[in-house]
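On a predicted model such as this, the values are computed, not experimentally measured, just so you know. Each ligand, and each atom within it, is numbered from 1 in the order the structure gives. Residue numbers start at 1 and run along the sequence shown.
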Amino acid sequence: MISFSSFYKQIADSNLQHWLETLPTILGRWQREHKHGNLPKWEKVLNKLHYPTPDFVDFSTSVTIGSGKQLTPGEQEKLKNLLGIFKPWRKGPYSVQGIDIDTEWRSDWKWERLQAHISPLKNRTVLDVGCGSGYHMWRMLGEGAKYVIGIDPSPLFLCQFEAIKSIAGQQHPIHLLPLGIEELPPLDAFDTVFSMGVLYHRRSPIDHLIQLRDQLRTGGELVLETLVIDGDENTVLVPDDRYGKMNNVWFLPSVAALMLWLRKSDFIDIKCVNIDVTSLAEQRSTEWMPNESLVDYLDPNDINLTVEGYPAPKRATIVATKNQPNKDLVE
Ligand SMILES: Nc1ncnc2c1ncn2[C@@H]1O[C@H](C[S@+](CC[C@H]([NH3+])C(=O)[O-])CC(=O)[O-])[C@@H](O)[C@H]1O
């Protein structure tokens, strides 16, 4: 069974100590709820992943774990098959002991777009909300973060993360907890909080911004990436049904509307640092994610539109600073 005890030990003497009052109960419930389904099968695979300490790692320009020279071709084939059990692999790419996990997304491109615009992560404590398999968490570690905590409710993404971590080494100060943002108490603790690709999945987007703010220390930085549309402060798209075939998309604001929401949520120094239309090269089907992908979500006659006729996915990245302590905020 996936254990969170090393995480509890790590936070026992930190400013996250008070989280221990509620976290073990929540994660205990999560473990009971997932006793059936795929999790037990995936945990069996995780138990088979015993590999030597990698001879090489790079988290600063890629996520590469091991040169590939430590395993025989037969051992590599076996590892590839085991990692294949965790398909579909959406966020990456990873290079693991010579095996290239070519994921649906080039998450490295998103990272390259924002890296130069955020406060340097060296020695910072970081929370990545909706971290998927944890690809960006490794890149945050590669930038020298003191520790990185990711949260994502998906059991598959937790198992993908644990697979990568067990090969990289358990000593890395990086942890994924299977939680939704709504399950976090106001921790008032992190130097940087990332929320990338999550806001449009939330039914109450301003509550999401407030929940993110409440995780930051005063003066801490939010890095927010989400789908946007063109327009002014009062332009917001609420898809009637699906958006790009996704049935869980609620609010797509303009950049100006998003900045207004951030001001209303008491953020300051709000800057939009990037706007980017997702290309068919950035999100596509691969051997590791053989299902439908972006090309299937767009109008075959006009890739500027989704199949539903909405503007095709365009993403903005915004950085903003928390203005005052949680205790001084009046809602
Ligand atoms: N309530 C919630 N709380 C936390 N996470 C959630 C919640 N609901 C869904 N998620 C998680 O948010 C992630 C959104 S993907 C972004 C991944 C990465 N950040 C990326 O930027 O590539 C979207 C995209 O593909 O862009 C998924 O892993 C969900 O499980």
Item to check | Numbered atoms and elements of ligand 1 in range of K110, under 4.0 angstrom, heavy atoms | outcome: 20 (C), 21 (O), 22 (O)
Item to check | Exercise: do Q324 and T218 side chains pair donor with acceptor under 3.5 Å | outcome: no
Next on the checklist: Please evaluate residues F59 and H172 with respect to the criterion ring pair (Phe, Tyr, Trp, His ring centres under 6.0 Å), reporting the C-alpha separation (whole Å), side-chain torsions for both, the decisive distance (0.1 Å), and the verdict.
Outcome noted: CA-CA 11 Å; F59 302 132; H172 294 289; 5.4 Å; yes
Item to check | Nearest-option assignment for atom 24 (C) of ligand 1, heavy atoms, candidates M196, K91, R106 | outcome: K91
Checklist entry - Just distances here: any N/O of Y200 and N/O of ligand 1 closer than 3.5 Å? => result yes
Item to check | Flag if over 12 foreign heavy atoms under 6.0 Å of CE, M246 | outcome: yes
Checklist entry - Does even one non-hydrogen atom of H136 get within less than 4.0 Å of ligand 1? => result yes
Checklist entry - In ligand 1, which numbered atoms sit nearer than 4.0 Å to a non-hydrogen atom of G197? => result 14 (C), 15 (S), 23 (C), 26 (O)
Checklist entry - Do any N/O atoms on E182 end up under 3.5 angstrom from N/O atoms on ligand 1? => result yes
Item to check | ligand 1 atoms in contact with R202 (distance to a heavy atom under 4.0 Å) | outcome: 1 (N)
Checklist entry - Quick one: do the S195 and H208 side chains pair a donor with an acceptor below 3.5 Å? => result yes
Next on the checklist: Within the 4.0 Å heavy-atom shell around G132, which atoms of ligand 1 are there?
Outcome noted: 28 (O)
Item to check | Within-cut-off N or O pair, D128 and ligand 1, under 3.5 Å | outcome: no
Next on the checklist: Assess, by modelled atom type and distance only, whether the side chains of Q70 and Q97 contain a donor and an acceptor separated by less than 3.5 Å.
Outcome noted: yes
Checklist entry - What about the rings of Y135 and Y94, do their centers lie closer together than 6.0 Å? => result yes
Checklist entry - Is the shortest heavy-atom distance from the side chain of S279 to the side chain of W109 under 4.5 Å? => result yes
Next on the checklist: Tell me the nearest of P153, G134, G150, S133 to atom 6 (C) of ligand 1, using heavy-atom distances.
Outcome noted: P153
Checklist entry - Is there a heavy atom in Q283 that sits closer than 4.0 Å to ligand 1? => result no
Next on the checklist: In this structure, does ligand 1 have an atom that sits under 4.0 Å from one of the heavy atoms of R315?
Outcome noted: yes
Item to check | Neighbour count above 12 (heavy atom, 6.0 Å) for N291 CG | outcome: yes
Checklist entry - When you look at CD1 of I229, are more than 12 heavy atoms from neighbouring residues, nucleotides or ligands closer to it than 6.0 Å? => result yes
Checklist entry - When you measure from atom 4 (C) of ligand 1 to each heavy atom in L227, N248, I181, which option holds the nearest one? => result I181
Item to check | Heavy-atom donor-acceptor pair, N81 side chain to K78 backbone, under 3.5 Å | outcome: no
Checklist entry - Which protein non-hydrogen atom lies closest to atom 12 (O) of ligand 1, naming both residue and atom, and how far is it? => result G130 CA, 3.6 Å
Checklist entry - Between R90 and W105, is NZ or CZ placed under 6.0 angstrom from the six-membered ring centre and within 45° of the ring axis? => result no
Checklist outcome for this item: Taking only non-hydrogen atoms of V198 and a 4.0 Å limit, the atoms of ligand 1 in range are 12 (O)
Checklist outcome for this item: among protein heavy atoms, the one nearest atom 11 (C) of ligand 1 is D152 OD2, 3.3 Å
Checklist entry - Looking only at heavy atoms, is any part of F157 under 4.0 Å from ligand 1, and if so is it the side chain, the backbone, or both, or is it neither? => result side chain
